[in-house]
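In what follows, a single structure is set out as structure tokens and then discussed.
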Amino acid sequence: MATNTIGSKFGKPDRGWRERLYTIIFEADTAAGRRFDTALLIIIVLSVATVIIDSVGAVRSRDFLALNILEWLFTILFTIEYVVRLLCVKHPLRYALSLFGIIDLISILPTYLAILLPEFHFLIDVRLLRMLRVFRVMKLPRYFDESQILLQALRNSRHKILVFLGVVLIMSVILGTIMYVIEGPENGFTSIPVGMYWSIVTLTTTGYGDIHPKTPMGQLITSCAMLLGYGIIALPTGIVGVELAMTMMKGTPTTRTCTHCLTEGHEADSLFCKHCGEKLEPYQYDAAAAGADPFNKLAEFKGRMGLNVHQDPPKK
């Protein structure tokens, strides 16, 4: 099955400086790509740390100028990165409207809006705009292979999780209604929404204690809801865990791209494209930059799972 990857969505240039920039920015299996990702990770972490420190009133009043200079420095760097990403893909509008494109835009837009629209207090609070810069932390997951595996597992299990949340919502409505009937307004359950709030707090085993039953029947139902809550917590963990294991079993994808259909994510030892069947170009891989041999990653994982990587054909 074809995967919806960066190369197929945004378009990898065929040659020239755009192709070289694309390889460095979007493909991380080379030394230059690793250096770019490492530098950008450091900048993101420092930028988010600056935003967090800037929210402390005493520090902001004392070091306002230094924090302001750092903020503009990070904003300019992220702006250059955003523009370069748009320049080095064939379909810049697709990238701009994608999830990561929107995150990149949000990471730079608040600083400019706070300067251009300071008088429009009725439109948006300037402090809110400044705090929106913390969304730069959302730029981090794309640079970790494990986060992509987890994201794929969550995407595969989304229907099961939605069904699970629907069941929990139904249970919350039923329990909230029952407690409203049994306890009544005199014991704090003034309405069904209040009873639903109690049921959600109880089922999630949070237990704030601001609302609690006082009648024996209500306490019995509460005890059953608490026991039921432990099973509810364990269920989504099992769903995501199974999908995560299945995703890892599919192999270790790389940033290797087919030059014919631009599908990305082939395994290191693949000879042909999994989408169009065309022969793949030799895999460009820098072992020192990646820190491991991609040809052995799948073998190591299957070995830990007790599976045979290379199975001999059955004897006749």
Side-chain angles (χ1 to χ4, degrees), residues 1-45 47-48 73-113 116 129 132-156 158 253-266 273-276 278 280-281 284 289-290:
M1 182 182 294
T3 56
N4 192 15
T5 58
I6 292 176
S8 59
K9 286 196 299 184
F10 309 138
K12 179 179 180 180
D14 299 327
R15 62 183 65 86
W17 61 272
R18 294 177 64 198
E19 190 272 339
R20 291 192 295 271
L21 280 177
Y22 182 97
T23 302
I24 294 173
I25 294 176
F26 287 102
E27 298 180 358
D29 294 335
T30 61
R34 287 287 174 176
R35 285 195 296 266
F36 175 83
D37 287 353
T38 302
L40 200 54
L41 279 171
I42 295 173
I43 293 174
I44 293 171
V45 172
S47 175
V48 174
L73 176 63
F74 293 134
T75 301
I76 292 172
L77 290 175
F78 287 134
T79 303
I80 294 173
E81 179 221 356
Y82 179 68
V83 172
V84 171
R85 286 183 183 273
L86 294 178
L87 289 176
C88 68
V89 294
K90 285 185 176 180
H91 307 290
L93 183 60
R94 291 184 186 177
Y95 179 79
L97 297 178
S98 67
L99 174 62
F100 285 128
I102 294 173
I103 291 174
D104 290 341
L105 183 61
I106 292 177
S107 69
I108 62 175
L109 200 58
T111 304
Y112 295 116
L113 287 179
L116 297 176
L129 282 174
L132 283 177
R133 296 173 299 170
V134 80
F135 280 95
R136 291 171 184 172
V137 75
M138 297 178 66
K139 293 163 66 71
L140 289 173
R142 75 174 78 176
Y143 302 104
F144 297 97
D145 296 336
E146 292 78 5
S147 66
Q148 302 303 316
I149 296 175
L150 179 59
L151 181 62
Q152 184 63 38
L154 291 174
R155 187 182 294 114
N156 293 339
R158 64 184 182 276
T254 67
T255 54
R256 194 178 184 190
T257 306
C258 173
T259 57
H260 183 261
C261 67
L262 298 178
T263 297
E264 185 183 290
H266 300 87
C273 176
K274 58 187 176 183
H275 179 53
C276 66
E278 290 291 326
L280 295 173
E281 296 293 330
Q284 298 180 7

**OP:** With rounding to the nearest 0.5 Å, note down the distance linking NZ in Lys90 to OH in Tyr22.
**Re:** 10.0 Å
Subject >> Shortest non-hydrogen separation from Leu21 to Cys88 and the atoms involved >> reply: CB-CB, 3.9 Å
Subject >> Closest contact, heavy atoms only, Leu97 versus Ile102 >> reply: O-CD1, 3.7 Å
Subject >> Thr23 vs Glu19 side-chain heavy atoms within contact, under 4.5 Å >> reply: yes
**OP:** For Ile80, enumerate each residue passing the side-chain contact (heavy atoms from CB on, under 4.5 Å) test, keeping only those at least two apart in sequence or located in another chain.
**Re:** Ile76, Val84
Subject >> Nearest-0.5 Å distance, CD1 of residue Ile43 to OG1 of residue Thr38 >> reply: 11.0 Å
Original post:
Shortest non-hydrogen contact from Tyr82 to Ala96?
Top reply: OH-CB, 3.8 Å
**OP:** Could you tell me whether the side chain of Phe78 reaches within less than 4.5 Å of the side chain of Asp104, counting heavy atoms only?
**Re:** no
Original post:
Atom OG1 in Thr79, atom CG in Leu105: separation rounded to 0.5 Å?
Top reply: 9.5 Å
Original post:
Is Ser47 reaching over with its side chain to a backbone N or O of Ile44, donor-acceptor style, under 3.5 angstrom?
Top reply: no
Subject >> Separation between CG of Leu86 and OH of Tyr95, rounded to the nearest 0.5 Å >> reply: 7.5 Å
**OP:** Name all residues meeting the side-chain contact (heavy atoms from CB on, under 4.5 Å) criterion together with Arg158; count only those two or more places apart in sequence or in a different chain, and write none if there are none.
**Re:** Arg155
Subject >> Shortest non-hydrogen contact between Arg85 and Leu40, atoms and distance >> reply: NH2-CD2, 3.8 Å
Original post:
Which distance, rounded to the nearest 0.5 Å, do you find between the CD1 of Ile103 and the CD1 of Ile108?
Top reply: 13.0 Å
